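First up is the structure itself, then whatever we jot down about it.
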Amino acid sequence: MDFELPSSGPRPSQVPAIDFKSALNDEQFAAVTAEPGPLLVLAGAGSGKTRTLTYRVAYLLSKGVRPGEILLLTFTNKAAKEMLHRVQELTGIEPQRFWGGTFHSLGNRALRMYGEAIQLPKNFTILDADESETLLKQTVEAADKLFFKDKVNPRPGPLFNVISLARNTQLSLRETIEKSFPQYLDIADRIPAFATAYEKAKRDQSVVDYDDLLELWLKLLTDAPEVAAYFGQRFRHVLVDEYQDTNTIQAQIVDRLAPHHRVMAVGDDAQCIYSWRGADFENIMSFPDRHEGTVIHRIETNYRSTPEILNFANGVLNAQPRGRHFDKELRAARKHGQKPAVIAAMDDKEQAEFIVKRIHAIVNEEGVSPKEIAILYRSHFLALEMQLALTRHGMPYHITSGVKFFERQHVRDLIALVSFTYNPSNTLAWQRFVILLPKVGEKGAQKIYAAALDHARLMQKNFLDVLNTDDVKSKVPKDAKDDWANFCESLKQVAEAMDKGSPADAVQVAIDGWYGDYMKGAYADYMDRLEELKGLVGFAAQSPSMQEFLTQVALLNGETSDKQVELDEEAVRLTTVHQAKGLEYDAVFLIGAADGQFPTRRSIEAGDVEEERRLFYVAVTRAKNELYICYPKVATRAGPGGMMLSPSRFLQELPDDLYDELRIKRSYGW
């Protein structure tokens, strides 16, 4: 075995004897003690991935490999610290003797040492997110001072996100925009020049941004052969955690750091769910092609879930297209439990009522702590009715994936716009959305309002009818004047919709007007936020009048704010599936498991639902003892009249003996 010590350098402290055979199961032991070479460890959900990596480091040390010859790449510093701390407990070797950490932190370390080989001074400064956006803004305005004044153009933050994703995926800016930011297609040809100017500005100032820590590290390994050779000789063993989450650049860095092919990549292709962040599914699939002689180890014994839940999860994976995944089958180490339950509710309100009552039973009859119960969803807006039902029943909950629906910025903005249109005396609502106009601050908003109010009284006209008059426009900052006519017209159209139609019509008109255009420039995730606002249309459709709608919003917003709890309190967890990855709960409720909701309508229309399937798999493997998958037959959030839904295709593909169907009675019993 290739574990001989190099001819020079300090010898590691004596590693205590470890009984690897008794500390690990057979699958883990085989991976931990594998011959050096290219190793792909496919670690299924709940199978002890971290334990395997930790013991691999300890095993290498026990064979005489020096700490400085091991490189451990992770996606969070916390993960690296936890692993190396555990290694210290096992071996007594201190964490600082290893190169271990995130790709970005180790990229910084490498560039500090050898960046001069690619003309990067050692004293370079790293820009934080705000500083990066500011520098990008300055370079764009130097080239086109009017660019950011067009509200449908991306603001500096979203523009930076576009450029960043293109850099991390190594796709062209046009390809990136077509795939992920279609709202910017009209200006796709203008952005490359901005990106080039931004790169030059960074080099001129000897600063780097977060993405440079990867790009320049790869450049160092590519353009400085002597540096690449040094790292290739120094790190005799490269270990990578969560390999399925690597982007294109990270995979290339790993390949160049390991010309000897002594690399252990640990991951799970079935949990690759971050393509929107740049993760490339092909990295793990093509690993054996890039590293000839790869030995694949499967760790499939699951210590988290019951056999019934794992049978269900395996069914989800078995429906994947052949040849597009690694075969694997999770096996349970636990005793039998109840089958997962599939529940078809009439609508999302009935879905929420069922879940609240079932949670009540789980807590009071089974003694499960509320914080061991999770409600998972694909998209934020799907949890709106759930939040309201929990609030009505006085059941504390904690949203671990962000703020509550009514507290999300774009939701509050739109409600303020609608609320003011209904009641032009509401100056707080006015201030909230008027300051979204360029160069309009709170004092400016007050001046414009006062001028409009005086003019309306003088002319004995409606407030909204005088907003676009010369007397009022004189108070509007020059930068906001181009938007002003559209802004005023949009408010009038919302008011007309209130007079002629339902609250849902008025909300829809507000989304389609000035604020919808504003969102395109303000948010890189515009498409997701637009979906959430469409959910608000459905909520408005349940109210007979605008007054009732705004009253319900105010009351429920106040109630949900009062229910905010700390993470360690006895409260049910609400979270997106993405945020739940890596976590586990005694009981899991997956809501909105209908086609168009999960998988999303956009993924269906694009003909690409495989990442959605992997996300579904991640959702169901969070459950330890009880799993409930719910879907509404009617999507009331779709707007007036609702829309008929069918069960998620991920459910329809499964053999029906993998789950039980529960029927909801009118009384919400089952």
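Values in this document were obtained by computation on a predicted structure and should not be read as measured data.
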Quiz prompt | Residues in salt bridge (Lys or Arg N to Asp or Glu O under 4.0 Å) contact with Arg529, at least two apart in sequence or another chain | solution = Asp525
Mark yes or no for whether [X], through its side chain, and [Y], through its backbone, hold a donor-acceptor pair below 3.5 Å.
X      : Y      : result
Glu300 : Gly44  : no
Thr54  : Thr50  : yes
Ser603 : Pro599 : no
Ser648 : Phe598 : yes
Thr102 : Thr76  : no
Arg304 : Thr621 : yes
Ser164 : Asn161 : no
Gln597 : Leu382 : no
Asp505 : Gly501 : no

Quiz prompt | Pair Ile273-Gln244, side-chain contact (heavy atoms from CB on, under 4.5 Å): steps then yes or no | solution = CA-CA 9 Å; Ile273 59 173; Gln244 78 281 347; over 6 Å; no
Quiz item: For Leu42 and Ile284, what are the C-alpha separation, side-chain angles and deciding distance, and is it a side-chain contact (heavy atoms from CB on, under 4.5 Å)?
Solution: CA-CA 10 Å; Leu42 299 172; Ile284 193 168; 4.2 Å; yes
Of the non-hydrogen atoms in [X] and [Y], which two are nearest, and what is the gap between them?
X      : Y      : answer
Leu376 : Ala619 : CD1-O, 3.7 Å
Ala383 : Tyr377 : CB-CE2, 3.5 Å
Trp276 : Glu611 : CD1-OE2, 4.2 Å
Phe616 : Ala593 : CE1-CB, 4.4 Å
Val509 : Val494 : CG1-N, 3.8 Å
Leu24  : Gln28  : CA-OE1, 3.6 Å

[Y] and [X] side chains, donor-acceptor separation under 3.5 Å:
X      : Y      : answer
Asn25  : Tyr303 : yes
Glu570 : Ser369 : yes
Thr246 : Asn283 : yes
Asn247 : Asp280 : no
Thr301 : Glu27  : yes

Exercise. Take Leu651 and Tyr631 through the test side-chain contact (heavy atoms from CB on, under 4.5 Å) and record every step on the way to the result.
Key: CA-CA 10 Å; Leu651 286 175; Tyr631 67 92; 4.3 Å; yes
Say you draw a straight line from [atom1] of [X] to [atom2] of [Y]; how long is it, rounded to the nearest 0.5 Å?
X      : Y      : atom1 : atom2 : result
Asp347 : Gln351 : CG    : CD    : 9.0 Å
Phe181 : Leu165 : CZ    : CG    : 5.0 Å
Leu615 : Tyr274 : CG    : OH    : 8.5 Å
Cys272 : Asp269 : SG    : CG    : 8.5 Å
Lys339 : Tyr659 : NZ    : OH    : 10.0 Å

Quiz item: For Arg334, what residues pass the side-chain hydrogen bond (donor to acceptor under 3.5 Å, both in side chains) criterion, not counting sequence neighbours?
Solution: Asn625
Do [Y] and [X] meet the salt-bridge criterion of a basic N to acidic O distance under 4.0 Å?
X      : Y      : result
Glu610 : Arg324 : no
Arg298 : Asp268 : no
Asp241 : Lys49  : yes
Arg602 : Glu531 : no
Arg622 : Glu584 : no
Glu385 : Arg392 : yes

Self-check item: Whether over 12 other heavy atoms sit under 6.0 Å from Arg601 CZ
Solution: no
Quiz item: Is the count of non-hydrogen atoms from other residues, nucleotides or ligands lying under 6.0 Å from Glu548 atom CD greater than 12?
Solution: yes
Taking only residues two or more places apart in sequence or in another chain, which ones pass ring pair (Phe, Tyr, Trp, His ring centres under 6.0 Å) with [X]?
X      : answer
Tyr515 : Tyr518
His104 : Tyr210
Tyr628 : Phe589

Quiz item: Passes side-chain contact (heavy atoms from CB on, under 4.5 Å), Met386 versus Leu388? Steps please.
Solution: CA-CA 5 Å; Met386 196 70 250; Leu388 305 183; over 6 Å; no
Exercise. Assess the pair Phe103 and Phe75: is the distance between their ring centroids shorter than 6.0 Å?
Key: yes
Result block: side-chain N/O donor-acceptor pairs under 3.5 angstrom for residues 77-85, not counting sequence neighbours:
| residue | atom | partner | partner atom | Å |
| --- | --- | --- | --- | --- |
| His85 | NE2 | Glu89 | OE2 | 3.3 |

Quiz item: Is the cationic atom of Arg614 (NZ for Lys, CZ for Arg) positioned less than 6.0 Å from the six-membered ring centroid of Phe281 and within 45 degrees of its normal?
Solution: yes
Quiz item: Taking C-beta and beyond as the side chain, do Val316 and Arg613 meet within less than 4.5 Å on heavy atoms?
Solution: yes
